[in-house]
Amino acid sequence: MRYLPVFLDLQSGKVLLVGAGELVRAKLRLLAAAGAAVRWYATDGDHELAGIAAEDAARIERAEGDPLTADLSDVIAVLCAGAGDIGVAMSVRAKAIGLPVNVMDDLVHSTFIMPAIVDRGDVVVAVGTGGTSPVVARRIREKIEAVLPARIGDLAGFIGHFRKAMHARIEEFPLRRRFWERIIDGPIGALVLAGRKDEAEQALNAITDPSAFAGADAQGKAVGHVTLVGAGPGDPDLLTVKALRALQDADVVFYDELVSPEILDRIRRDAARIPVGRRVGKPGIGQDATNRLMIEAAQSGQRAVRLKGGDPFIFGRGGEEIEALRDAGVAYSIIPGVSAGLGAAAQFEVPLTFRHEALRITFLTAHKARDAEVVDWSVLTDTKMTVVVYMGMTAAPAIREGMLAAGRSPETPVGVFARVTRPDAKAAVGTLARLPELVKQVDGGPAVLVIGDVVAHSAPWSRSNVTQLFSNQMFSELLKAAE
């Protein structure tokens with residue numbers, strides 16, 4: 001993110017506008033609608049204000065003279081549109097004295113950019129693309145316009161009117177946030193959005209105990225809660241709606257190292273973020289310490305999220321954490337996530353089951369070679385069984401030897417699928433005999449191994465066979481030509 005979105009207080013000074021033609025008039029209409037006081041230097045001398053309401057026009061000063069020598073003491077920002085070389089010169093002058101400046105379609109000479117705006121009164125949504133594509137920003141704005149309630153600004157104003165009075169009645173800060181969340185998400189918020197503000201005000205005034213309404217216990221304290229959330233294998237779009245809401249409501253998030261930065265960006269900005277996971281070969285704080293942190297957070301009244309890669313109950317140690325929370329008497333809930341095996345199947349078109357060919361699936365983990373050595377491979381030799389191995393890259397040689405020794409064919413199709421659902425995802429497919437070599441081809445993990453005939457139906461396998469067939473055909477044709 002190169003540009004930090006900020007909102008300029010238009011009541012604190014004037015905006016200096018420089019330019020001519022329809023480009024500058026578009027900016028003028030935007031500023032006027034926002035209530036800005038504008039000093040406009042029309043570089044072509046045409047100060048026509050057609051199409052601007054009289055009350056807005058009263059705030060527009062039609063300035064004469066050279067803007068490069070204008071008094072800037074009461075100016076809070078400079079905008080140039082259709083100003084040509086004067087815009088560049090104004091940028092130099094504004095930068096010299098630290099004034100924010102925007103020269104339309106000129107990122108080099110701008111210190112801020114104008115976003116696409118959704119205006120709902122007290123609620124304003126700004127959409128920016130770093131100045132690279134205003135059309136994309138406009139399309140995003142159109143989608144937001146379509147889903148944002150027309151009276152969402154009224155709801156913000158309604159809350160603002162009662163906020164100080166209610167906060168005086170609710171001592172604990174966490175309860176204040178929960179109080180307004182319940183107002184917004186419940187019947188009172190719905191009344192405001194329906195245009196029935198008087199009824200909403202009556203309902204709000206009827207709340208005799210705001211802390212209890214916010215979910216406080218008998219002592220008026222916030223009640224803590226832990227939510228185990230499956231983050232999926234990496235793609236933030238695979239988060240469930242329920243998971244996203246939990247991340248937005250959380251006071252503290254304890255996350256694994258495998259959770260992608262894009263998913264961490266979905267966490268509420270002022271929530272505490274605490275890493276508790278570990279990678280292979282690197283020390284972590286340990287499961288007992290993680291359990292203790294979650295329990296302490298809940299007992300202090302916080303809403304905690306334990307954010308886990310994949311799904312909490314598939315090699316995520318979610319069961320151990322639930323037992324610890326039960327023993328401590330802490331309230332908890334579980335939100336499932338897309339497991340890496342399922343993510344790999346979807347992305348690389350690996351049907352984990354297939355009619356008449358693969359009737360069973362086994363999920364197992366093999367963190368290290370010794371993990372693979374204790375597996376009873378004899379129960380995994382059924383050719384109609386798909387075997388999905390998590391954390392098996394290091395143990396790949398032991399996995400191969402164990403399955404071959406148990407009788408699985410060395411020609412069994414296998415796939416190594418790394419960083420699934422992420423932009424840098426990679427697949428390597430081949431046979432069981434070549435498993436360790438395939439692991440090296442994906443350039444690091446995390447990865448899942450899929451062993452079974454179903455891999456031969458995958459997209460990477462299909463592409464590799466097409467390539468091989470094409471190469472063989474070309475070789476045959478070259479031999480014929482040589483003859």
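FYI, the numbering just counts along the sequence from 1. Fair warning: this is a prediction, and the values are worked out from it, not measured in the lab.
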> What distance do Ile322 atom CD1 and Arg326 atom CZ have between them, rounded to the nearest 0.5 Å?
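Between atom CD1 of Ile322 and atom CZ of Arg326 there are 6.5 Å.
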
> Going by heavy atoms in the side chains, are Val305 and Val253 under 4.5 Å from each other?
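Of all side-chain heavy-atom pairs linking Val253 with Val305, at least one is under 4.5 Å.
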
> With heavy-atom distances below 4.5 Å as the criterion, would you say the side chains of Leu342 and Leu352 are in contact?
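Counting from C-beta outward, Leu342 and Leu352 do come under 4.5 Å.
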
> Please list all pairs passing the ring pair (Phe, Tyr, Trp, His ring centres under 6.0 Å) test where one or both residues lie in residues 378-430, with sequence neighbours left out.
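Residue pairs with at least one partner in residues 378-430: Phe315-Tyr390, Phe348-Phe417.
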
> Apply side-chain contact (heavy atoms from CB on, under 4.5 Å) to the pair Asp311 and Val338, showing each step before the final yes or no.
CA-CA 6 Å; Asp311 181 89; Val338 175; over 6 Å; no

> So, do Ile144 and Val127 sit near enough that their side-chain heavy atoms are less than 4.5 Å apart?
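Sidechains of Val127 and Ile144: in contact.
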
> Give me each pair satisfying salt bridge (Lys or Arg N to Asp or Glu O under 4.0 Å) with a member in residues 437-461, each pair once, sequence neighbours excluded.
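Applying salt bridge (Lys or Arg N to Asp or Glu O under 4.0 Å) to every pair that reaches into residues 437-461, excluding sequence neighbours, yields Lys426-Asp443, Arg434-Glu437.
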
> Do Lys308 and Glu321 meet the salt-bridge criterion of a basic N to acidic O distance under 4.0 Å?
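Result for this pair is yes, salt bridge flagged.
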
> Heavy-atom distance under 4.5 Å between the side chains of Ile184 and Leu155, does that happen here?
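In contact.
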
> Can you tell me if Asp327 has over 12 outside heavy atoms packed within less than 6.0 Å of its CG?
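Correct, the count exceeds 12.
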
> What do you reckon, are the aromatic ring centroids of His457 and Phe354 less than 6.0 Å apart?
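Yes - the distance between ring centres of His457 and Phe354 falls below the 6.0 Å cut-off.
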
> Output yes when a side-chain donor or acceptor of Arg422 lies under 3.5 Å from a complementary backbone atom of Pro233, and no otherwise.
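Yes: the side chain of Arg422 pairs with the backbone of Pro233.
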
> Verify, without hydrogens or angle tests, whether Asn291 (side chain) and Ala324 (backbone) share a donor-acceptor contact under 3.5 angstrom.
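A pair under 3.5 Å: no.
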
> With sequence neighbours excluded, give me every salt bridge (Lys or Arg N to Asp or Glu O under 4.0 Å) pair touching residues 332-357.
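Of all non-adjacent pairs touching residues 332-357, none passes salt bridge (Lys or Arg N to Asp or Glu O under 4.0 Å).
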
> State plainly whether the residues Arg178 and Asp251 are in salt-bridge range, i.e. N to O under 4.0 Å.
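Here Arg178 pairs with Asp251 in a salt bridge, since their nearest N and O are under 4.0 Å apart.
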
> In Å and rounded to the nearest 0.5 Å, what is the CG to CZ distance from Leu438 to Arg400?
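Answer for the CG-CZ pair, Leu438 versus Arg400, is 10.0 Å.
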
> CD1 of Ile399 to CG of Leu432: how many Å apart, nearest 0.5 Å?
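Rounded to the nearest 0.5 Å, the CD1-CG separation comes to 9.5 Å.
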
> Taking Arg419 for the side chain and Ala425 for the main chain, is one N or O donor matched with an acceptor at less than 3.5 Å?
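Not a single qualifying donor-acceptor pair exists.
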
> Where the side chain of Ser133 meets the backbone of Val136, is there a donor-acceptor pair that is under 3.5 Å apart?
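Side chain of Ser133 to backbone of Val136: a pair is present.
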
> Decide side-chain contact (heavy atoms from CB on, under 4.5 Å) for Leu449 and Val414; before the verdict, give the C-alpha distance in whole Å, the side-chain angles of both, and the deciding distance to 0.1 Å.
CA-CA 7 Å; Leu449 320 180; Val414 301; over 6 Å; no

> Determine whether a donor-acceptor pair (N or O, by modelled atom type, separation under 3.5 Å) exists between the side chain of Ser110 and the backbone of Asn102.
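No; judged by distance alone, with no hydrogens or angles, the pair does not exist.
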
> Are any of the side-chain heavy atoms of Phe173 and Glu171 separated by less than 4.5 Å?
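The answer is no; the side chains never approach within 4.5 Å.
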
> Determine which pairs satisfy salt bridge (Lys or Arg N to Asp or Glu O under 4.0 Å) with at least one residue from residues 107-133, sequence neighbours left out, and list them in order.
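Every salt bridge (Lys or Arg N to Asp or Glu O under 4.0 Å) pair that includes a residue of residues 107-133, provided the two are not neighbours, is Arg120-Glu145.
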
> Are any non-hydrogen side-chain atoms of Gln347 and Asp235 less than 4.5 angstrom apart?
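Counting from C-beta outward, Gln347 and Asp235 never come under 4.5 Å.
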
> If I compare all heavy atoms of Val101 with all of Ala94, which pair ends up nearest, and what's the gap?
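Minimum heavy-atom contact is CB-CB, 3.8 Å.
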
> Look only at the side chain of Glu172 and the backbone of Ala222, and say whether a donor-acceptor pair between them is shorter than 3.5 Å.
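Side chain of Glu172 to backbone of Ala222: a pair is present.
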
> Only pairs at least two apart or in different chains count here, so list each side chain to side chain donor-acceptor pair (under 3.5 Å) that has a residue in residues 379-388.
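Found Arg360-Asp382.
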
> Got more than 12 heavy atoms from elsewhere within 6.0 Å of NZ, Lys95?
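It does: Lys95 NZ has more than 12 such atoms within range.
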
> Any chance you could measure Arg317, atom CZ, to Glu320, atom CD, to the nearest 0.5 Å?
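Between Arg317 CZ and Glu320 CD, I get 4.0 Å after rounding to 0.5 Å.
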
> Minimum heavy-atom separation for Met104 and Ala81, please, with both atom names.
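Minimum heavy-atom contact is SD-CB, 3.8 Å.
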
> Please report the shortest heavy-atom distance between Pro312 and Gly337, naming the atom on each side.
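Closest heavy-atom pair between Pro312 and Gly337: CD-N, 4.2 Å.
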
> Just checking, is any N or O donor in the side chain of Ser409 or Glu411 under 3.5 Å from an acceptor N or O on the other one?
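Per modelled atom types, Ser409 and Glu411 side chains form no pair under 3.5 Å.
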
> Looking at every non-hydrogen atom in both residues, tell me the closest pair between Leu79 and Phe112 and how far apart they are.
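Scanning both residues completely, I find the closest heavy atoms to be CD1-CZ, 3.6 Å.
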
> Apply the test side-chain contact (heavy atoms from CB on, under 4.5 Å) to residues Val226 and Leu228: give CA-CA distance (whole Å), side-chain angles for both, the deciding distance (0.1 Å), then the verdict.
CA-CA 7 Å; Val226 175; Leu228 271 64; 4.0 Å; yes

> Show me, pair by pair, the donor-acceptor contacts under 3.5 angstrom made by side chains of residues 240-250, not counting sequence neighbours?
from	atom 1	to	atom 2	distance (Å)
Thr240	OG1	Ala243	N	2.9
Gln248	NE2	Arg266	O	2.6

> Would you check, one step at a time, whether the test side-chain contact (heavy atoms from CB on, under 4.5 Å) holds for Gln287 with Thr290?
CA-CA 5 Å; Gln287 189 61 54; Thr290 299; 4.2 Å; yes

> Atom OG in Ser260, atom CG in Asp265: separation rounded to 0.5 Å?
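So the gap between those two atoms works out to 8.5 Å.
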
> For residues Leu307 and Phe254, determine if any side-chain heavy atom of one lies less than 4.5 Å from a side-chain heavy atom of the other.
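The answer is no, as the side chains (C-beta and beyond) never meet within the 4.5 Å cut-off.
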
> Is there a donor-acceptor contact under 3.5 Å from the side chain of Ser462 to the main chain of Ser458?
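Flag not set: sc Ser462 to bb Ser458 has no pair under 3.5 Å.
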
> Quick one: are the ring centres of Phe179 and Phe213 less than 6.0 Å apart?
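They qualify: ring centres under 6.0 Å apart.
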
> Determine the minimum heavy-atom distance between Ser91 and His109, stating which atoms define it.
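Scanning both residues completely, I find the closest heavy atoms to be OG-O, 2.6 Å.
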
> Any side-chain heavy atom of Leu175 sitting closer than 4.5 Å to one from Trp180?
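When only atoms from C-beta onward are counted, Trp180 and Leu175 do not touch, as no gap falls below 4.5 Å.
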
> Looking just at side-chain N and O atoms, do Tyr332 and Arg306 make a donor-acceptor pair shorter than 3.5 Å?
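There is no such pair between these side chains.
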
> Taking all heavy atoms of Ser300 and all of Ala297, pick out the closest pair and write down the distance.
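Distance-wise, the nearest heavy atoms are OG-O, 2.8 Å.
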
> With rounding to the nearest 0.5 Å, note down the distance linking CG in Asp237 to OG1 in Thr421.
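OG1 of Thr421 is found 9.5 Å from CG of Asp237.
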
> Would you say Arg176's side chain and Ile170's backbone share a donor-acceptor pair under 3.5 angstrom?
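A pair under 3.5 Å: yes.
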
> Just by modelled atom types, is the Val259 backbone N or O under 3.5 Å from a matching donor or acceptor in the Asp256 side chain?
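Checking the backbone N and O of Val259 against the side chain of Asp256, no donor-acceptor pair under 3.5 Å is found.
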
